[in-house]
Amino acid sequence: MTDTPPGAGELVERTRRLLAEHPPATTGRTDFLRARFDAGLAWVHYPVGLGGLDAPRSLQAVVDAELAAAGAPDNDPRRIGIGLGMAAPTLLAYGSEEVKERFLKPLWVGEEVWCQLFSEPGAGSDLAALGTRAVRDGDAWVVDGQKVWTSSAHVARWAILIARTDPELPKHRGITYFVCDMTDPGVEVRPLRQITGEAEFNEVFLTGVRIPDAHRLGEAGDGWRVAQTTLMNERVSIGGARLPREGGMIGKAAATWRARPELRTHELHRRLLDLWVDAEVARLAGERLRQQLAAGRPGPEGSAMKLSFARLNQAISGLEVELLGDEGLLYGDWAMVRPDLVDFTGRDAGYRYLRSKGNSIEGGTSEVLLNIVAERVLGLPAEPRNDKDVAWKDLAR
Amino acid sequence: MSDLLYSETEDDLRAAVRSLLADRADARTVLGRIETPDPYPPGLWEALAGGIGAAGLLVPEKLGGQGAGHREAAVVLEELGRAVTPAPYLTSAVVATATLLALGAETGPVAELLGALAGGERVAVLAVPFSTAPDGRPAGTAPAGPDGPADPAEPVPAVADAVAADVLLVPRADGLYAVDAADAVLTPRSSLDLTRPLALVDAGGAGGTRLADAAAAGEAVRSGLLAGAGLLASEQLGLAEWCLEETVRHTRERHQFNRPVGSFQALKHRMAQLWLELVGARAVARAAADALATGAADAALTVAVAQAYCSKVAVRAAEECVQLHGGIGMTWEHPAHLALKRAKSDAIALGSAGRHQDAVAALVDLPAPA
């Protein structure tokens, strides 16, 4: 173990040693991922002992390139996206040493799937209005309430949860942040069938769920601040994937255009080119954001990525359905299934069109994100509010 | 992957240019000169080109330049765009300079002229209409037929910054000529963009020095126009950024209905939307500058994408700036109209967004209906 953070050369060395000791061809997927975590090569910017080496974040790319070249298995970020993208940075920032030791490894390896118990039927865009209660009882908290739009809840082992611990305070202040055990008998997960026919999301009913105080992240009553870490990481992770030119939704539309000359019209051509250019610009903006992060100069552009991603996905998939003409009148399969994966670009054009409608709602509606950009990035004044200094229990609902 | 950030050197260069422009070409100075025959602020070109060395950024040191590149020149253009500065930078230090550089001469008249341009002692302008796209066609013209392009001896309409030029680079049927501006007939035209004067140029009877044969000239002009179109994106970025900043500043301060107008969600969302577009414009303008600097294989595509996008962003930003300033935005005293006029002219300059979009379609194989 070194005292100074390792450089690129040392990381390549370490990666090659890992590959030599655990040849991917003869090592099971999970065993390899565990060994990678223990070698500090999971997320190199994390602390030593927690899957990292305190190295600059930018050097992860060096490790990933070596591993990809050697055909090493990757942990599947789509399946475990909430754990990796949202739970992990929050656990790292606010968890006790015991919490970090317990949760980060199985999270990263993918042995334990995470979900996010944030939104409620009465608290979506106005998330801080949430009403799920957590009441202190000895060394535990007892939680009662209902959550909604919970992807992966039916396969999740753990959840990050925010609940109201003091209804006498204004809505942003009486909230506390917890890690919730999804196998607790008080947790009931029901599929929530959606616009596409499938049930990718769930409703989660919490009845007398006991959470040990050791599974609280941050101080009691400080949950809103803790949640900001999660939400910021959520927005960066939605729409933040690194793509090649014509990666993502635009590639599907462009491929159809090339393959099916009989479907072409001048009007669709103009729209397709507009979107092709916009998609390329969004790709470059994402690349620029990653370069800023790698250089240690994070900007507010993460919110921009999420907003652009939503608008583009909706416009491109809408164009695809029209381009297909008679085929666009058809729909692949309305069967009610519960997929493990979130799949924005899979299946047929009709599915993509319907699923993309969620992109401007989930993870913060585009309207709320535009407000955030206006106020926090541009410094424009807030709109007058009538809920800031009122106790949560006295708010109209 | 290209480097889309700014280096420390670039940040320093930006600071130097911004400070110079604040001293010599603030909005009041620019506004005071736009209706005169000479809108260029006095002493500015000497300080920018010679003092800071900005005119020679593209020119190798052995030819008397700074040996920097397109990335640095792009930063200068961002600042010139922010201040809507009347200066023949895009036309002379980028388009004319890149045209000459493409000839690859290390000695002789081309090398000498490059040295003079790099030092800021002389200004050169490529005598083609300002709307000419990198494919060599001005707006509203058909692709060249079997008989070749129109007669180059005809007077050339709408040549930008010709009134500031010492030398005109004139493409003729048998090659590229350097013509002393004093030997040509220049008829100044009243231009939409008051900060970038246009003139009708008749160099038909002016003779001049032949710099290249027809084949080399065509390639060089294309190369100069491509550099111009690519770096114009940075001018458009700077302009759009100024428009948004001024609009945010104004709407924070301006009160109506007993609250700052910038607190109304309808206005906030419009400004946030512009900011999103600026994030994209910055990324693609940087990508275009970097692709030109490194001679990337996809430079033509990146430039076309940048122009197809940034033209629209700059115009929208300027239009929003006028609208969200309310009545003040319609006055001659407020510089918003300078930005609008520059943005709209820039949207035509060096190929419209639609022309560049057509170029994208050809480059990435997304053909129009038969």
Side-chain angles (χ1 to χ4, degrees), chain A residues 61 242 245-246 253-254 257-258 261-270 272-274 276-292 294-295 297 299-308 311 366-367 369-384, chain B residues 1-6 244-245 247-249 251-253 258-265 267-288 298 301-302 304-310 312-313 353-354 356-358 360-361 364-370:
Chain A
R242 179 175 222 147
R245 182 177 284 152
E246 271 196 20
W257 184 268
R258 290 184 190 115
E262 76 281 6
L263 299 173
R264 296 173 191 162
T265 71
H266 288 285
E267 186 257 353
L268 290 170
H269 190 230
R270 222 13 99 186
L272 176 67
L273 287 171
D274 268 338
W276 197 97
V277 167
D278 286 354
E280 175 66 1
V281 171
R283 184 183 75 85
L284 290 167
E287 183 57 36
R288 187 162 192 276
L289 173 64
R290 269 185 297 279
Q291 291 182 10
Q292 280 180 292
R297 298 199 296 269
E301 286 85 352
S303 334
M305 293 300 95
K306 202 262 179 192
L307 282 158
S308 310
R311 188 187 68 77
S366 292
E367 289 72 18
L369 288 185
L370 285 170
N371 274 0
I372 289 173
V373 166
E375 291 173 21
R376 300 200 198 146
V377 179
L378 299 178
L380 286 163
E383 289 206 73
Chain B
M1 187 66 211
S2 53
D3 174 7
L4 303 177
L5 305 181
Y6 299 100
L244 177 59
E245 278 176 23
T247 306
V248 166
R249 195 184 58 71
T251 56
R252 282 164 58 104
E253 289 168 7
N258 197 35
R259 48 193 269 216
V261 297
S263 70
F264 286 92
Q265 194 174 68
L267 271 61
K268 288 161 80 167
H269 283 195
R270 283 166 70 166
M271 288 182 267
Q273 186 59 42
L274 267 185
W275 178 80
L276 294 183
E277 290 169 27
L278 270 168
V279 168
R282 184 177 308 284
V284 73
R286 281 273 90 189
D298 62 354
L301 175 60
T302 310
V305 170
Q307 273 306 300
Y309 191 77
C310 294
K312 294 181 191 172
V313 173
H356 287 282
Q357 210 177 61
D358 290 345
V360 170
V364 303
D365 183 31
L366 291 172

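So you know, we letter chains A, B, ... as the sequences are listed, proteins then strands, and number each from 1.
No part of B:Arg249 comes within reach of chain A, as not one of its non-hydrogen atoms sits under 4.5 angstrom from that chain. Using a 4.5 Å cut-off between heavy atoms, B:Thr302 contacts chain A through its side chain alone, with no backbone atom that close. Contact of A:Leu378 with chain B is made through backbone and side chain together, with heavy-atom distances under 4.5 Å. In this structure, chain B has heavy atoms under 4.5 Å from both the backbone and the side chain of A:Arg270. For A:Ala282, no part sits under 4.5 Å from any heavy atom of chain B, backbone or side chain. The parts of B:Asp3 that come within reach of chain A are both its backbone and its side chain, each placing non-hydrogen atoms under 4.5 angstrom from that chain. Only the side chain of A:Leu272 has a heavy atom closer than 4.5 Å to any heavy atom of chain B. Only the backbone of A:Thr265 comes within less than 4.5 Å of a heavy atom in chain B; its side chain stays farther off.
With chain A as partner, the option from B:Ala287, B:Ala353, B:Ala281, B:Pro367 having the largest number of non-hydrogen pairs under 4.5 angstrom is B:Pro367. With chain A as the partner, the residue from B:Ala308, B:Ala361, B:Ala370 showing the most heavy-atom pairs under 4.5 Å is B:Ala361. Listed options B:Arg286, B:Met271, B:Gln273, B:His356 were ranked by heavy-atom pairs under 4.5 angstrom with chain A; first place goes to B:Met271. Comparing B:Leu244, B:Val284, B:Val360, B:Leu276 by heavy-atom pairs within less than 4.5 Å of chain A, the highest count is held by B:Leu276. Listed options B:Glu277, B:Glu245, B:Arg282 were ranked by heavy-atom pairs under 4.5 angstrom with chain A; first place goes to B:Arg282.
Judged by distance alone, the side chain of A:Trp257 and the main-chain N or O of B:Ala368 form no donor-acceptor pair under 3.5 Å. Side chain of B:His269 to backbone of A:Glu367: a donor-acceptor contact under 3.5 angstrom is found.
Taking all atoms of both residues into account, the shortest heavy-atom contact from A:Glu383 to B:Ser263 is CG-O, 2.8 Å. For A:Val373 against B:Ala272, the heavy-atom pair with the smallest separation is CG1-CB, 3.7 Å. Counting all heavy atoms, side chain and backbone alike, B:Asp365 lies closest to A:Arg258 at O-NE, 2.9 Å. The minimum heavy-atom distance between A:Pro381 and B:Arg252, with the atom names listed, is CD-CG, 4.0 Å. Heavy atoms only, all atoms of each residue included: B:Gly280 and A:Ala285 are closest at CA-CB, 4.3 Å.
Side-chain contact between B:Arg259 and A:Pro384 is present, with heavy atoms from C-beta onward closer than 4.5 Å. You'll find the side chain of A:Asp274 reaches within 4.5 Å of the side chain of B:Lys312, heavy atoms only. A:Arg245 has its side chain within reach of B:Leu301: a pair of non-hydrogen atoms, C-beta onward, lies under 4.5 Å apart.
In this structure, CZ in B:Phe264 is found 12.5 Å from CG in A:Leu380, a value given to the nearest 0.5 Å. In this structure, CD in B:Gln357 is found 4.5 Å from CG in A:Leu273, a value given to the nearest 0.5 Å. Rounded to the nearest 0.5 Å, atoms CG (B:Asp298) and CD (A:Glu280) are 8.0 Å apart.
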- request: Take B:Gln265 and A:Asn371 through the side-chain contact (heavy atoms from CB on, under 4.5 Å) test and state the conclusion after the steps.
  value: CA-CA 7 Å; B:Gln265 194 174 68; A:Asn371 274 0; 2.8 Å; yes
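The only member of A:Arg290, A:Gln292, A:Glu287 that meets side chain to side chain contact (heavy atoms under 4.5 Å, CB included) when paired with B:Leu4 is A:Glu287.
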